[in-house]
Amino acid sequence: MSLQEQKKFISSIHPFENLTLNELDDIAEAFDVVYFKEGTTVQSSQSEPKFLYFILKGLIQEKQEDEVLAVYSKNEIFDSASLIKNFSKNSFVTAQESICYTLPRELFMSILSQNQQLENYFFQSISEKLNNNILHEKNKDMANIMIAKVKDAKVHKAVIVNSKTSIYEAARVIKQEKIPTLLLKDDEGEMYIVTDSDFRQKVILNRMSFDEEVVKIASKGLVYINEDDFLFNAQLQMAKYGLKRVVVKNDEGTIVGILDQISLSSFFATNTFAVSNQIVKAETLEELKEASISFIKIIKSLNAKGVKIEFISKLINQLNKKLLDKLYRLMAPEELLDKSCLIVMGSEGRAEQILRTDQDNALIISDDCTISDEKLKEFTLNFTETLVDFGFPRCEGNIMVSNPYWCRKQSDFKDLIYKWINEPSGDHFMNIAIFYDALCVSGDINMIKELKTYLFKISSNSQSFYSNFAKIINSFDVPLGFFDGFVFNSKDENHKDEIDIKRGGIFILVQGIRALSLQNRIYNTNTIKRINALYELGLFEKETAKELVMAFNFLTSLKLKSNLEKLDLNQKIDNYINPNKLNTMEKDLLKDSFKIVNRLKKHLEFHFKLNYV
C-alpha cells in the first residue's frame, strides 16, 4: 500500500476517523507489515503486548486456554484493551494465514493521551459504546431532542394571580406581561391555568361578564415537569394527557415557567401532538383511521433525528394505547364498557412493537357482564377487522379478540391460567409468555392485575415450572461463530447472507428476562423496566444490567433501521439483517451485543439448571 492508501485504510476503521492530519501521518509512517502462518501465536497470554494490530487479511482468534472468546477479521483491530493495561490476559492465534499492520504501543498510547475522542472510545465499556453509537450514527450537528433539557427550550414566564381576580383584570395582566398563559391560585393552594384562547372561546362566545371571577373559565389538574428533565419527556407528557402545555418547576419545587407545544417545534419537528390531539377529538372511525395512518411518518421522523429507540418505543406506545382505547370506546357495546379489560400482549404489551407486525390482543370480561354471546361475537369480529383496516396485520396465530379462546370471562381466564401452569406444553408455555406481557389499553386495569397475581401465586408452587419456562432459549443459537464471525443459515436460500436478529438475539434476551421476572413476581411488562427491576432486586450487577439494556436497544434499533429501509423499497418487513451492509463499528457493536446475549444465556443455564431439565 502507498502512504495515501494506508491513511485511507486507517481512517476507515472506527474510531480512527477522528485522528488529526498530523496523527494520521505519524501512524502511517510508523506502520510495519507482518505476515503470520495459520496457527501462529501473535500475542501470548500473560505477556506485555508491544503492538496494536490492524488486520489486512485473515482471521485471528482470541483464546483463553482452549476456549475461543472472539474472532477478528479483515479491517478490524486487536488488542487495545491489552495495550492500555500493558498486560495480555488472553492469547491471540491465527486461524488462517494472516497479514497485519502493527502500530507500536508507545505511539498508540501517546496519541490516546492527545486525542480526547480516541481516549473516550478506548476507555469506554461495551455498554457505553453501545449507548453512544446512536449519537455517532446520526447527524451530530442537529439539536438532538434526546439531550436537550426543558430549560433549553423557550419557557414562558409564569405569572400567578389569585383565583378571585376578575376576568377583566386577568386579561389586562396577560396583555401587560405579554404572556399566553396565566396561573391562578386559590386560598387552599389549588392551582389553575387559563390561556388566551379561554378568553376567546369561553368569555366572548358565552357573553360572560368581565367582572366574573377568572377561575370560572380556568382548568385545573396541572401537569408539572422539572426544568432539568429531558425535553422529550415533556413531549411524552403532552402526548399522554393530550395537553398543549406543562408547568415547569425547579429542584426546590418552585414554578419557574410554562412550556407549550409551540416551544417544542424548534427541537421536535414531528406532528406528534397533532396526531395525539386528533385521536382525542375523533368522533368517527374514519377520523381515527386518519390519525392511525400518521404513525409511520412519526417513526421515520424520530429515527432520522437520532431519537433513541427506547424513547421512540415509549412515544409510539403512548399513541397506540390512546388509539386503541378510543377505538374500543367508540365500538364496544355499552354492556362491555365498564365490565371489561382490553389487553395487548407480546411485543405490543411490552411497548416494544414500533412498526406494526401483527395484532396480539385479548378481552377479559367481568363475570357479571350481561352481554349476549351473539352481540359479543359480532363486536369482536368487527373490532379485529377494523384494526386490520387501520394497519394492524392479522395475527397468524389467531391471538385476537375475535378468537373466543382469547375473549372470555375473568374466572374462565383463571381456569385457563391454571391449565397452562399444571399441564405444561409448548403451546401453554407460549401462552403464559404472551399473557405475562399483557398490558391494559382500555377498561378496568384491575382485572389484568388480579389475573397476573393469580399467575404468580400458582406458578410459585413448582420450581421446575420456571426452568421449563426458560428452557425455550436453548432452542435458539446466537449467530456468532468461532471462525466465520457471523453464522448464516446456509439452508435458507431466501436469507443466505442474512441473520435473524430476533431469533439469534432479541428473543433470547426478552425470554430470559421474562423468565427471571416471572419467577420474581415483577409486574412490569417492558423488557428494560424488567431488567432495572431485576437489578434493584440484586439479580444483576449494575454493569451487567447496563449492558443488557444497551444490547437490547442496539439490536432493536438495527432491526428498525433495516425494516424502515425495506418499507421504502416496498419490501416485506421481517427480522433479517445483512451484516455486510453494516459499517465496521456497527459490526463490532453487533458482535458485542451477541456476546452479552451469550453471557445472559449462560447465566440462565446455571440459574435455572437448564442442562438438567
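Numbering of residues begins at 1 and proceeds along the displayed sequence. Owing to the predicted nature of the structure, the values given are computational and were not obtained by experimental measurement.
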*K326 atom NZ: more than 12 heavy-atom contacts under 6.0 Å*: yes
_Donor-acceptor pair, distance only, cut-off 3.5 Å: does the side chain of N403 make one with the backbone of W406?_
no
*Note: D229-K149 ion pair, threshold 4.0 Å (strictly below)*: no
*Determine yes or no for a side-chain-to-main-chain donor-acceptor pair under 3.5 angstrom, with K220 supplying the side chain and M191 the backbone.*
no
_Short side-chain to backbone donor-acceptor contact, S459 and L455, under 3.5 Å_ = yes
_L336/F379 under side chain to side chain contact (heavy atoms under 4.5 Å, CB included): CA gap, chis, key distance, verdict_ = CA-CA 10 Å; L336 275 180; F379 159 68; 3.7 Å; yes
*asked:* For a 4.5 angstrom cut-off between non-hydrogen side-chain atoms, does L555 reach V597?
replied: yes
_Derivation of the ring-ring contact (aromatic ring centres under 6.0 Å, His included) call for Y405 and F413_ = CA-CA 9 Å; Y405 188 87; F413 264 109; 8.2 Å; no
_Tell me if a side-chain donor or acceptor on N250 pairs with a main-chain N or O of T254 at a distance below 3.5 Å._
yes
_Trace of the salt bridge (charged side-chain N to carboxylate O under 4.0 Å, His left out) decision for E586 with K561_ = CA-CA 12 Å; E586 287 174 327; K561 177 184 174 183; 2.9 Å; yes
_Looking only at side-chain N and O atoms, does Q410 offer a donor or acceptor that is under 3.5 Å from a partner on E450?_
yes
*With a 4.0 Å cut-off, would you call E169 and K164 a salt bridge?*
no
_Using only atom types and a distance under 3.5 Å, with no angle test, would you say the side chain of R356 pairs donor to acceptor with the backbone of F390?_
yes
*asked:* Within the structure provided, determine whether I448 and I445 are in side-chain contact (heavy-atom separation under 4.5 Å).
replied: yes
*Step through the shown structure and confirm whether more than 12 heavy atoms of other residues, nucleotides or ligands are within 6.0 Å of NZ on K202.*
yes
_A quick test of your reading: do over 12 heavy atoms of other residues, nucleotides or ligands sit less than 6.0 Å from OH of Y224?_
yes
_Please report whether the ring centroid of W420 lies less than 6.0 Å from that of F435._
yes
*asked:* So does F392 get a backbone contact from the side chain of Q359, meaning a donor-acceptor N/O pair under 3.5 Å?
replied: yes
*Between D574 and K502, does a salt bridge (charged side-chain N to carboxylate O under 4.0 Å, His left out) hold up when you go through it step by step?*
CA-CA 9 Å; D574 53 31; K502 181 178 179 180; over 6 Å; no
*Going by atom types alone, do T525 and D437 pair a side-chain donor with an acceptor below 3.5 Å?*
no
*P333 side chain reached by I371 side chain, heavy atoms, under 4.5 Å*: yes
*Polar contact flag, side-chain donor to acceptor under 3.5 angstrom, D251-N226*: yes
*In Å and rounded to the nearest 0.5 Å, what is the CG to CG distance from N520 to L534?*
6.0 Å
*asked:* Looking only at the side chains, is there a donor atom on one of D325 and S442 sitting less than 3.5 Å from an acceptor on the other?
replied: yes
_Atom pair CD1 (I528) and NZ (K314), whose distance is rounded to the nearest 0.5 Å_ = 7.5 Å
*For residues K559 and N575, is any side-chain donor paired with an opposing acceptor at under 3.5 Å?*
yes
_Between CE on residue M430 and CD1 on residue I472, distance to nearest 0.5 Å_ = 10.5 Å
*Does the side chain of M238 reach to within under 4.5 Å of the side chain of V246, using non-hydrogen atoms?*
yes
*For E352 and T527, run side-chain hydrogen bond (donor to acceptor under 3.5 Å, both in side chains): C-alpha distance rounded to whole Å, both residues' side-chain angles, the deciding distance at 0.1 Å, then the answer.*
CA-CA 8 Å; E352 292 159 10; T527 299; 2.7 Å; yes
*Show your working on side chain to side chain contact (heavy atoms under 4.5 Å, CB included) between R514 and R530 and close with a plain yes or no.*
CA-CA 8 Å; R514 182 162 46 203; R530 285 173 173 173; 3.6 Å; yes
*Going by heavy atoms in the side chains, are M208 and I167 under 4.5 Å from each other?*
yes
_If you define the side chain from C-beta out and look only at heavy atoms, does anything of V549 sit under 4.5 Å from N553?_
yes
*Under 4.5 Å between any side-chain heavy atoms of D444 and N446, yes or no?*
yes
*asked:* More than 12 heavy atoms of other residues, nucleotides or ligands under 6.0 Å from CG of N206: yes or no?
replied: yes
*Is there a side chain to side chain contact (heavy atoms under 4.5 Å, CB included) between L182 and V161 once you walk through the steps?*
CA-CA 8 Å; L182 189 65; V161 300; 3.8 Å; yes
*Would you say K409 has more than 12 foreign heavy atoms packed within less than 6.0 Å of its NZ?*
yes
*Taking 4.0 angstrom as the limit, do K157 and E177 come out as a salt bridge?*
yes
_Salt-bridge present (K281, E287; N to O < 4.0 Å)_ = no
*If every non-hydrogen atom of K339 is compared with every non-hydrogen atom of C369, which pair is closest and at what distance?*
CB-CB, 3.9 Å
*Drop me the distance from K414's NZ to L451's CG, to the nearest 0.5 angstrom.*
7.0 Å
*What heavy-atom pair brings L564 and I296 nearest, and what distance separates the two atoms?*
CD2-CD1, 4.3 Å
*Do Y523 and S517 have side-chain N/O donor and acceptor atoms under 3.5 Å apart?*
no
*Taking all non-hydrogen atoms of both residues into account, name the closest pair between D360 and G346 and its distance.*
OD2-CA, 4.4 Å
_Please check: side-chain N/O of Q318 versus main-chain N/O of S313, any donor-acceptor pairing under 3.5 Å?_
no
*Look at atom CG of D427 and say whether more than 12 heavy atoms of other residues, nucleotides or ligands are closer to it than 6.0 Å.*
no
_Which residue is it: I343, T380, L376, L387? I am looking for the one with a side chain to side chain contact (heavy atoms under 4.5 Å, CB included) to V401._
T380
_Would the distance check show the side chain of R207 and the main-chain N or O of I204 forming a donor-acceptor pair, the cut-off being under 3.5 Å?_
no
_Looking at N382 and E378, would you say the former's side chain and the latter's main chain have a donor-acceptor pair under 3.5 Å?_
yes
*Would you check if the side chain of N361 reaches a backbone N or O of L342 as a donor-acceptor pair within less than 3.5 Å?*
no
*asked:* Quick check: do I258 and V155 have side-chain heavy atoms less than 4.5 Å from each other?
replied: no
*Kindly give the heavy-atom pair with the smallest separation between Q511 and F469, and that separation in Å.*
NE2-O, 2.8 Å
_Nearest-0.5 Å distance that lies between atom CG in L288 and atom CG in L285_ = 7.0 Å
*Indicate the atoms forming the closest heavy-atom contact of I399 with C395, along with that distance.*
N-SG, 3.4 Å
*What heavy-atom pair brings A218 and L184 nearest, and what distance separates the two atoms?*
CB-CD1, 3.6 Å
*Atom CD1 in I255, atom CD1 in I160: separation rounded to 0.5 Å?*
4.5 Å
*Give a yes or no on whether the ring-centroid distance for F199 and Y168 is below 6.0 angstrom.*
no
